[in-house]
**Student:** 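Okay, here's the structure, questions in a sec.
Along the sequence shown, residues are numbered consecutively beginning with 1. Scope of the values below: all heavy atoms of this structure, side chains included, with no hydrogens, waters or symmetry mates.
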Amino acid sequence: MKTPSSTTDLPPLPPQHDGSAVSGKAVRPGDRIFLGLSRGSGIALLAIMAAIAVFLTYRSVLALSGDKANFFTTLDWNASGSDPKFGIAVLAFGTLVSSLVAMLIAVPVAVGIALFISHYAPRKLSAPLSYVIDLLAAVPSIIYGLWGALFLVPHLSGLYSWLDDYLGWTGIFSYGGGAARSLFTVGILLAIMILPIVTSVSREVFLQVPKMHEEAALALGATRWEVIRMSVLPFGRSGIISASMLGLGRALGETMAVATVLSPSFLINTSLLDPGGGTFAQNIASKFSEADQFGQDALIASGLVLFVITLLVNGAARLIIARRKEYSGAAA
């Protein structure tokens, strides 16, 4: 008589599979098709990026070979004359300063709105508010530009005078009167434009915070703000950085809104409130139609600089996120 412990009475073990069985060659045809399409899409993206870089580099070399001035330090843009001299000093300064102003204004406000929608607002209010935020992200940039030129610029004189009264001694916020068509106005307009993007992404990240983290903090006696500070913000830090980089990408490359609001000039003003300045995208949009072949090459050279700046910004964001993997959703 066999005992219950006999190995012959045990059910057979399921077949064991090694990792080699799960591959693109051992799966269903649909999986192989999807694998090929996804791989092809990635290769196509890299090929497009490489083609753009090669085109910009080739046309830029043609322009820089004929430039009679220093491309990086010259405060002038005369690429269509008999003695072409052009540089990106003013454009780089205006692009970076206006984008920095936009980020300093938009990111804290966007994170606050996202926290309010995800953790403070009642459901009857959070749903329509989220819809309005998403709708603002779809508004064309020319609409923002027209609003900025017809409404924002005439109503900023009071703010400029107040900044001059209390912060004019710094030199950065000194105001001598005139229309508010300056880099600071551009920064405010860009902040309004990128606010919906940063808010939407941050809101979705905050909604993905594990409830166990928040419940554990509440069980320890934490207040709602302490829950947000100890659980929500650390979890969503990488998401906030990603959202900020998306907004910064739009601010760096914005064209029509900046061209509508800014009074361009190739001057670097110490005060952000003085009219003048320029950005890469605004300069390309305003001068490309009237430029000759060499002038277009010069504008393409400035576009290459903007292309490199965008790549560097996104690369820096990836490095920051990689160093904080412990706060990402994948590691939670």
**Student:** With a cut-off of 3.5 Å and sequence neighbours excluded, list every side-chain donor-acceptor pair involving residues 147-155.
**Tutor:**
unit_1, atom_1, unit_2, atom_2, d
H155, ND1, F151, O, 2.7

**Student:** Transitive ILVMFWY cluster of V227 at side-chain heavy atoms under 4.5 Å: who else is in it?
**Tutor:**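 Once heavy-atom contacts under 4.5 Å are chained together, V227 belongs with L218.
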
**Student:** Please determine whether residues L104 and F184 belong to a single hydrophobic cluster, defined as Ile, Leu, Val, Met, Phe, Trp and Tyr linked transitively by side-chain heavy-atom distances below 4.5 Å.
**Tutor:**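 No, it is not one cluster - the side chains of L104 and F184 are not joined through contacts under 4.5 Å.
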
**Student:** Got a second to check how far L159's CG is from L156's CG, nearest 0.5 Å?
**Tutor:**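 Reported to 0.5 Å precision, the distance equals 6.0 Å.
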
**Student:** Linking I/L/V/M/F/W/Y whenever their side-chain heavy atoms sit closer than 4.5 Å, directly or via other members, would V201 and M245 fall into one cluster?
**Tutor:**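 Unlinked, V201 and M245 end up in two clusters.
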
**Student:** Can you give me the closest heavy-atom contact between P234 and I228, atom names plus distance?
**Tutor:**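 Closest approach of P234 to I228, heavy atoms only: CD-O, 4.1 Å.
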
**Student:** Less than 3.5 Å apart, which donor and acceptor atoms pair up between the side chains of residues 38-52 and the rest of the protein, not counting sequence neighbours?
**Tutor:**
unit_1, atom_1, unit_2, atom_2, d
S38, OG, F34, O, 3.0
S38, OG, L35, O, 2.9
S41, OG, L37, O, 2.8

**Student:** What are the two closest non-hydrogen atoms of D67 and F86, and how far apart are they?
**Tutor:**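 So the two residues come closest at OD2-O, 2.8 Å.
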
**Student:** Which other residues end up in the same hydrophobic cluster as L207, if Ile, Leu, Val, Met, Phe, Trp and Tyr are linked when side-chain heavy atoms come under 4.5 Å apart?
**Tutor:**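 In the cluster with L207 there is nothing else; it is isolated.
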
**Student:** Do I142 and L195 belong together in a cluster built from hydrophobic side chains that touch within less than 4.5 Å?
**Tutor:**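 Result: yes, single cluster for both.
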
**Student:** Using the side-chain hydrogen bond (donor to acceptor under 3.5 Å, both in side chains) rule, collect all pairs that involve residues 85-113, keeping only residues at least two apart or in two chains.
**Tutor:**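 Matches after skipping sequence neighbours: none remain.
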
**Student:** Just one of L190, L189, V258, T260 clears the side chain to side chain contact (heavy atoms under 4.5 Å, CB included) bar with Y144, so which one?
**Tutor:**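 Among the candidates, only L189 passes.
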
**Student:** Kindly state each residue pair satisfying side-chain hydrogen bond (donor to acceptor under 3.5 Å, both in side chains) with at least one member in residues 161-170, sequence neighbours excluded.
**Tutor:**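 Matches after skipping sequence neighbours: none remain.
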
